[in-house]
Participant: 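One structure, as structure tokens, below. Some questions next.
Side chains are part of it too, since the values below use all heavy atoms of this structure and drop only hydrogens, waters and symmetry mates.
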Amino acid sequence: MKLYIGGAYQGQAEMAQAENPGMPLYRDFHETIRKAVLAEGRDPLAFAAAFCRDHPDAVVIANEVGAGVVPMAAEDRAFREAVGRVLCVLARNAEQVTRCICGIGVRIK
């Protein structure tokens, strides 16, 4: 698995596509987490473990959502926590993790 993360519009999707031509990309994975974990009431860690098991060759692209002001709404805080927990599991299982900042990829694993 390869994981590309970064803030909104920092170029992680473009970088993932350029580095993995022809591979299926899991874009906006943070929104997948919102739907699969929060909307369906699933455990974030169980979801992450199942995803890693079922998609070992995935190219995952996600926004970092934990920086900045802590949201007032409980559901928004739960979203940030779920994304953080899932991405930690994916990063541990990934062969490569790239953080993209201003279109520049920094390999962190």
Participant: Under the 4.5 Å side-chain heavy-atom rule for ILVMFWY, direct or indirect, which residues accompany V70?
Facilitator: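 None, because no other hydrophobic side chain comes under 4.5 Å of this residue.
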Participant: Can you give me the closest heavy-atom contact between T98 and G105, atom names plus distance?
Facilitator: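 Distance-wise, the nearest heavy atoms are CG2-CA, 3.8 Å.
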Participant: Measure from the side-chain N and O atoms of Q10 to the backbone N and O of C102, and report whether any donor-acceptor pair falls under 3.5 Å.
Facilitator: yes
Participant: Check which hydrophobic residues are tied to V97 through side-chain heavy-atom contacts below 4.5 Å, counting indirect links as well, and list them.
Facilitator: M1, L3, I5, Y26, F29, I33, V37, L38, F47, F51, V60, V65, F79, V83, V86, L87, L90, V106, I108
Participant: Closest approach of A18 and P21, non-hydrogen atoms and distance?
Facilitator: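 Taking A18 first and P21 second, the nearest heavy atoms are O-CD, 3.7 Å.
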Participant: Taking all non-hydrogen atoms of both residues into account, name the closest pair between R92 and K109 and its distance.
Facilitator: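 Heavy atoms of R92 and K109 come nearest at O-NZ, 2.9 Å.
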Participant: With a 4.0 Å cut-off, would you call R85 and E81 a salt bridge?
Facilitator: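 Looking at R85 and E81, the cut-off is met.
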Participant: Kindly give the heavy-atom pair with the smallest separation between A39 and K35, and that separation in Å.
Facilitator: CB-O, 3.2 Å
Participant: Can any side-chain N or O of D43 pair as donor or acceptor with the backbone N or O of A46 at less than 3.5 Å?
Facilitator: yes
Participant: Would you call R107 and E19 a salt bridge, using N to O less than 4.0 angstrom?
Facilitator: yes
Participant: Quick one: CZ on R53 to CG on N93, what's the gap to the nearest 0.5 Å?
Facilitator: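 Between atom CZ of R53 and atom CG of N93 there are 11.5 Å.
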Participant: Taking all non-hydrogen atoms of both residues, which atom of G68 and which atom of R80 are closest, and how far apart?
Facilitator: O-NH2, 4.0 Å
Participant: Would a distance-only check, ignoring hydrogens and angles, find a side-chain to backbone donor-acceptor pair under 3.5 Å from H30 to N63?
Facilitator: yes
Participant: Of all heavy-atom pairs between M15 and I104, which one has the smallest distance, and what is that distance?
Facilitator: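 Closest approach of M15 to I104, heavy atoms only: CE-C, 4.0 Å.
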Participant: Are Q12 and R99 close enough that some pair of their side-chain heavy atoms sits under 4.5 Å apart?
Facilitator: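 Not in contact.
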